[in-house]
Structure formats: structure tokens, C-alpha cells
> 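Sharing a structure with you now.
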Amino acid sequence: MSSPVDGPTTATPGGETARRALRLLRAVALAQEPRRLAELQAETGLNKSVTYRLLRILQEEGYLKHTAEGYSTGGELIALALTALPRRNSYLAARPVMQALTYRIGETVTLHRRADDRAVIVLVAENQDRPIRYAARVGETTELARGCTGRAMLAQLPAHVVRQLLESTADTAETTLDDVERVRSSGWSYTEEANHTGVAGMACALPRRDPRAEVMTLNISGPVGRMNAQVAARLAPVLIDAAKKLSALGVNFDPAD
């Protein structure tokens, strides 16, 4: 039986309009560039009149904006996301360490936190001197069962939780229990093109000084041609040291909790 906090397990009658609007918001928010009406209609499966009406309402409320290129996220949506982000000030404390790291190694550095069975990017540092680099976005999510981020996070969780999560995502998982055990031993993870074509990445979990601390990772990502397994092995001590610094700053733990 679900508790009131868990919420209902079946769709609430009369909620279809809200669900359609949320599908449109998600499609726009996760896009790399502005989306046109026809693209959003095709992606969400809504008819043209419903898609247009809901987009207009979201635009009027400031959650989307519309230009000649199409629809993109509006100021109200961005402000809401930043306000709702847990411990945002703690995350921002990581920026100097991440900026120093990205200019030292020349690749994109990201900070991720666990969100149930996914990992979400909460902070990005890019080396603007690199004409070709991995362009990460705050709010982008990936499955824990895929890629270096997920493996590093899974290595922080109890074995029975890892097993249940991998079993529940067996259709899309590319991570195994052996992969997770290897990360537990080495302290870091490396994968190629697990979530993005042409991109390789490595991840290290922030040490958890308290069981209440969030499960978070610090990542380095770049084009496969520059980020190979040998490069990752060389960078691993640097990444692990940076993750320790972030933990010492309390990035993954708020003493007020």
C-alpha cells in the first residue's frame, strides 16, 4: 500500500492536460537547441492544435520563450529549477575547484548527484579554449545503469540496492555487478560512448563523511580521440584528489540537515 507521501500508483483522472504540458516542458528543456512546433508535436505525439495551445500558455506564463528559431526554456522555468535545486549554494562552492581542474586537464568537468535511478548534472565547468569539447548541460540526466557516472554512484550503494536497480533496468542496462565491483576497488570509472556518441568519460564519487551525505560524482568528459583509457588512468589520481577537496568543502553534505 502506498503512503500519502508516495502518491497514487495510478493516473489521476482529469490530469491529462497537465501531463501533456509537462511532456512539452521536458522536450524543450532537454533539447540542445530551440524546438519548432512540428518537432514537438512529433516527439510528444500530441495533435497540432493541442501542442500549439499548450505552448502558447507555457509561453504566456514565462516557462517557455518563442523566437524565430523555435521554443526554448523561459526565465520562470530556469528560476524555478534553480530555486528547487537542493543545496544549490553548496554546489556552487565546487566551482573554483572544478574550474581549476578543467583548465589543468583541458576537458569538461561536471558535478552529478543521484536522483533515484538516474544521475543529474548540477554544475558544469568547461575549458572555453577548446574549440571541440563535450557541451554538458545542468539538468541533463543519465541512467545509473549506463556509463561511468552511474557505475561510480552504484559503487557507493549497498549491494542489494545495486542488484535491484540493475534488475529493474535490465532492458537498457549496460553495467554489470562486476563493473560495479571493479569501481569499488579502483575508486573511479571510465566508459566510452555509453550515453553520448563520440564522448568518453570518467567519474569518481565524492567521499561520504556522513551516511546522510548525497551520492555525488565528479566527472571528466571529452571526445573519444582525446579521452581514452590510457589518458583516464593518468588523470585518475587528479580526479580523485579533486573529489576529496569537494567533499571537504561539504559539497555533498549540509551540516544543517
Side-chain angles (χ1 to χ4, degrees), residues 81-128 130 133-144 147-158 161-162 180 182-191 194-195 199-222 227 231-257:
L82 292 176
T83 301
L85 190 64
R87 294 199 276 281
R88 176 170 172 264
N89 289 336
S90 295
Y91 297 154
L92 292 180
R95 189 177 296 280
V97 174
M98 293 173 62
Q99 289 287 3
L101 181 59
T102 190
Y103 278 100
R104 176 178 177 180
I105 64 176
E107 303 295 353
T108 299
V109 176
T110 49
L111 182 66
H112 303 240
R113 67 180 287 266
R114 182 192 175 199
D116 296 322
D117 63 348
R118 302 186 72 83
V120 57
I121 297 177
V122 297
L123 200 62
V124 176
E126 294 183 6
N127 187 330
Q128 300 296 329
R130 288 280 197 180
R133 61 185 183 274
Y134 168 51
R137 297 178 295 109
V138 170
E140 180 181 347
T141 67
T142 53
E143 296 180 46
L144 292 192
C148 61
T149 307
R151 292 181 184 184
M153 288 190 176
L154 290 173
Q156 298 291 303
L157 302 178
V161 175
V162 175
V180 177
R182 280 191 286 271
V183 177
R184 290 190 202 277
S185 299
S186 67
W188 61 282
S189 172
Y190 169 81
T191 56
N195 291 297
V199 176
M202 60 186 301
C204 170
L206 273 61
R208 300 173 71 203
R209 300 173 295 148
D210 187 287
R212 295 172 295 170
E214 291 186 56
V215 176
M216 300 186 70
T217 64
L218 185 64
N219 293 41
I220 299 173
S221 303
M227 277 287 294
V231 171
R234 176 171 56 81
L235 293 177
V238 178
L239 180 63
I240 291 172
D241 181 64
K244 289 179 179 177
K245 290 179 180 178
L246 297 188
S247 179
L249 288 171
V251 170
N252 60 334
F253 176 65
D254 186 346
D257 284 354

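These numbers were taken from a predicted model, which means no experiment stands behind them.
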> Determine the minimum heavy-atom distance between A233 and P237, stating which atoms define it.
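Between these two residues, the closest heavy atoms are O-CD, 3.6 Å.
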> How long is the gap from CZ on R114 to CG on N252, to the nearest 0.5 Å?
14.0 Å
> So do V109 and L218 actually touch side chain to side chain, heavy atoms under 4.5 Å?
yes
> A side-chain contact here means heavy atoms from C-beta on lying under 4.5 Å apart; do Q156 and T217 qualify?
no
> Determine whether L235 and E107 make a side-chain contact, defined as any pair of heavy atoms from C-beta on separated by less than 4.5 Å.
no
> How far does OG1 of T108 sit from CG of N219, to the nearest 0.5 angstrom?
11.0 Å
> What's the shortest heavy-atom distance between A119 and T149, and which atoms?
CB-CG2, 3.7 Å
> Short question: side chain of S189, backbone of M202 - any donor-acceptor pair under 3.5 Å?
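Here the side-chain-to-backbone pair does not exist.
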> Could you tell me whether R104 atom CZ has more than 12 heavy atoms of other residues or ligands within 6.0 Å of it?
no
> Do M98 and V251 make a side-chain contact, defined as non-hydrogen atoms from C-beta onward lying under 4.5 Å apart?
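With C-beta onward as the side chain, the pair stays apart.
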> If I take atom SG from residue C148 and atom NE2 from residue H112, how far apart are they, to the nearest 0.5 angstrom?
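Answer rounded to 0.5 Å: 7.5 Å.
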> Is there a side-chain contact between M216 and V122 in this structure, where contact means two heavy atoms from C-beta onward sitting under 4.5 Å apart?
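SC-SC contact between M216 and V122 confirmed.
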> Of all heavy-atom pairs between V120 and A115, which one has the smallest distance, and what is that distance?
CG1-CB, 4.4 Å
> For residues G147 and A194, report the shortest heavy-atom separation together with the two atoms involved.
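Reported closest heavy-atom pair: CA-CB, 3.5 Å.
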> Looking at R209 and G250, what are the two nearest heavy atoms and their distance?
NH2-CA, 3.6 Å
> I'd like to check L239 versus L101 (side-chain heavy atoms, cut-off strictly below 4.5 Å). Are they in contact?
yes
> Measure the CZ-CG distance between R118 and L144 for me, rounded to the nearest 0.5 Å.
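The distance works out to 8.5 Å.
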> Could you measure the distance from the CG atom of L249 to the CG atom of L92? Nearest 0.5 Å is fine.
12.0 Å
> Indicate yes or no for a side-chain donor-acceptor contact from N127 to the backbone of I105 under 3.5 Å, with no hydrogens or angles considered.
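No: the side chain of N127 does not pair with the backbone of I105.
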> What I'd like to find out is whether the side chain of L111 reaches to under 4.5 Å of the side chain of L206, using heavy atoms alone.
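Heavy-atom side-chain distance check passes, below 4.5 Å.
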> If every non-hydrogen atom of A243 is compared with every non-hydrogen atom of C204, which pair is closest and at what distance?
CB-SG, 3.8 Å
> Quick check: does any side chain N or O of Y190 sit under 3.5 Å from a backbone N or O of M227, one acting as donor and the other as acceptor?
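Present.
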> Could you measure the distance from the CZ atom of R184 to the CG atom of L157? Nearest 0.5 Å is fine.
7.5 Å
> Is there a side-chain contact between V183 and W188 (heavy atoms, below 4.5 Å)?
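Not in contact.
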